[in-house]
Undergrad: 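Sharing a structure below in structure tokens format, with a few things to ask.
Because only heavy atoms are used, hydrogens play no part in the values below, and waters and symmetry mates are left out as well, while side chains stay in.
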Amino acid sequence: MANEYMKNIKRFRILVMGRANAGKTTILQRVCNSTDKPEIFDGEGNKVDSYKRGYHDIKHELVFKSNPGFVFHDSCGFEAGSTQQFDQMKSFVVDHAATEKVNDRVHAIWFCIPMTDYHRTVTAAEKKFFNECDTGHVPVIVLLTKVDALYLTAVRELLDDGLTIVEAKERAAEKQGKLLEKWLAHVKDELDKCKYPPKGYVTLQKMHQEKADCTVLMESTANVMNEEGLQMILISTQQSSILLCIEYAVRR
């Protein structure tokens, strides 16, 4: 019965969440090995002409021609405290986590937190989501995005410590790593205390580069899936790593 259910799933569906300017679209482009904008379709499969940066109808499907095996939904940021936006998002999650239409079900949620806002990584919006939104069997993975922004922070802190600019640049990478560890630990500490904590955490760097490696993101997502069939659908759909496909095939 489970195998028949998996056979009916044609595409892997992911809800991408987070505040504006979290780098969500760029991540999706890297995952799908594309530099193009996605094609947008409404809930009935009709193509939507415009793609407005910063605003998306959560019901719309984002599909890249380079990898139509993925379907993405983009949630507008609700950091402004809009109850209506939060309720719409929550309703979508609940409906698409349990719908009887297997090809409409959301299989994973990526919640993006940008390190450009490292001083406010966990706001009331994040706490509200992880305390009030029960995603059921759909795993939520927190993505720390734009980690590269911590490099400049590292340089500034080293300069403040009295180092020369040359010395600061030499030690910046090490300092950046320590800052990332610090903020990742902070995010985990805050969100793991919530009623519905994330199932995993991933840090993403150099996503602005066209050849950025998404293997860790794909592997982390697969590892928190609670069904082996969904793991295999994800792994076979992703284009980040042939080795990942081989690894999961060997596990079976």
Undergrad: If you round to the nearest 0.5 Å, how far is CG of Leu143 from OG1 of Thr221?
TA: 7.0 Å
Undergrad: Compare all side-chain heavy atoms of Gln205 with those of Gln176 and state whether any distance is below 4.5 angstrom.
TA: yes
Undergrad: Hey, does Arg13 have a side-chain heavy atom less than 4.5 Å from the side chain of Asp104?
TA: yes
Undergrad: When you measure from the side chain of Asp189 to the backbone N and O of Ala185, does any donor-acceptor pair fall under 3.5 Å?
TA: no
Undergrad: Would Met115 end up clustered with Leu152 when hydrophobic side chains under 4.5 Å apart are linked, directly or stepwise?
TA: no
Undergrad: Using a distance-only test with no angle check, is there a side-chain donor-acceptor pair under 3.5 angstrom linking Glu126 and Thr123?
TA: yes
Undergrad: In terms of hydrophobic clustering (I, L, V, M, F, W, Y; side-chain heavy atoms under 4.5 Å; direct or indirect links), are Phe92 and Met89 co-clustered?
TA: yes
Undergrad: Are any non-hydrogen side-chain atoms of Leu144 and Cys112 less than 4.5 angstrom apart?
TA: no
Undergrad: Would a single hydrophobic cluster contain both Val122 and Val142, if residues Ile, Leu, Val, Met, Phe, Trp and Tyr are joined by side-chain heavy-atom contacts under 4.5 Å?
TA: yes
Undergrad: Any side-chain heavy-atom pair from Ser66 and Gln29 closer than 4.5 angstrom?
TA: no
Undergrad: Please confirm whether the backbone N or O of Tyr201 pairs with a side-chain atom of Lys188, one donor and one acceptor, at under 3.5 Å?
TA: no
Undergrad: How long is the gap from CD1 on Ile113 to CG on Leu204, to the nearest 0.5 Å?
TA: 12.0 Å
Undergrad: At what distance, to the nearest 0.5 angstrom, does CD of Glu61 lie from NZ of Lys47?
TA: 13.5 Å
Undergrad: When hydrophobic residues are tied together by side-chain contacts of less than 4.5 Å, even through go-betweens, does Phe41 share a cluster with Ile14?
TA: no
Undergrad: Using a 3.5 Å distance criterion without hydrogens, assess whether the side chain of Ser91 forms a donor-acceptor pair with backbone atoms of Asp87.
TA: no
Undergrad: Is it the case that more than 12 heavy atoms not belonging to Lys175 sit under 6.0 Å from its NZ atom?
TA: yes
Undergrad: May I ask you to decide if Ile58's main-chain N or O and Ser75's side chain share a donor-acceptor pair within less than 3.5 Å?
TA: no
Undergrad: About how many Å separate NZ of Lys90 and CD of Glu132, when rounded to the nearest 0.5 Å?
TA: 5.5 Å
Undergrad: Grouping I, L, V, M, F, W and Y whenever their side-chain heavy atoms are under 4.5 Å apart, do Leu62 and Phe70 come out in a common cluster?
TA: yes
Undergrad: Please work out which of the three classes, parallel, tilted or perpendicular, describes the rings of Phe72 and Trp110, given edges at 30° and 60°.
TA: tilted
Undergrad: Can you check whether Val140 reaches Phe129 side chain to side chain, under 4.5 Å on heavy atoms?
TA: yes
Undergrad: Determine, for Asp36 against Lys65, whether the closest basic-nitrogen to carboxylate-oxygen distance falls under 4.0 angstrom.
TA: no
Undergrad: Using side-chain heavy atoms (C-beta onward) and a distance below 4.5 Å, is Phe64 in contact with Leu28?
TA: yes
Undergrad: Keeping the roles fixed (side chain from Asn131, backbone from Lys195), state whether a donor-acceptor pair exists under 3.5 Å.
TA: yes
Undergrad: Can you confirm whether more than 12 heavy atoms, excluding those of Lys193, are under 6.0 Å from its NZ atom?
TA: yes
Undergrad: Between OG1 of Thr164 and CD of Glu170, what distance do you get to the nearest 0.5 Å?
TA: 7.5 Å
Undergrad: State whether the side chain of His60 and the backbone N or O of His73 hold a donor-acceptor pair below 3.5 Å, judged by distance alone.
TA: no
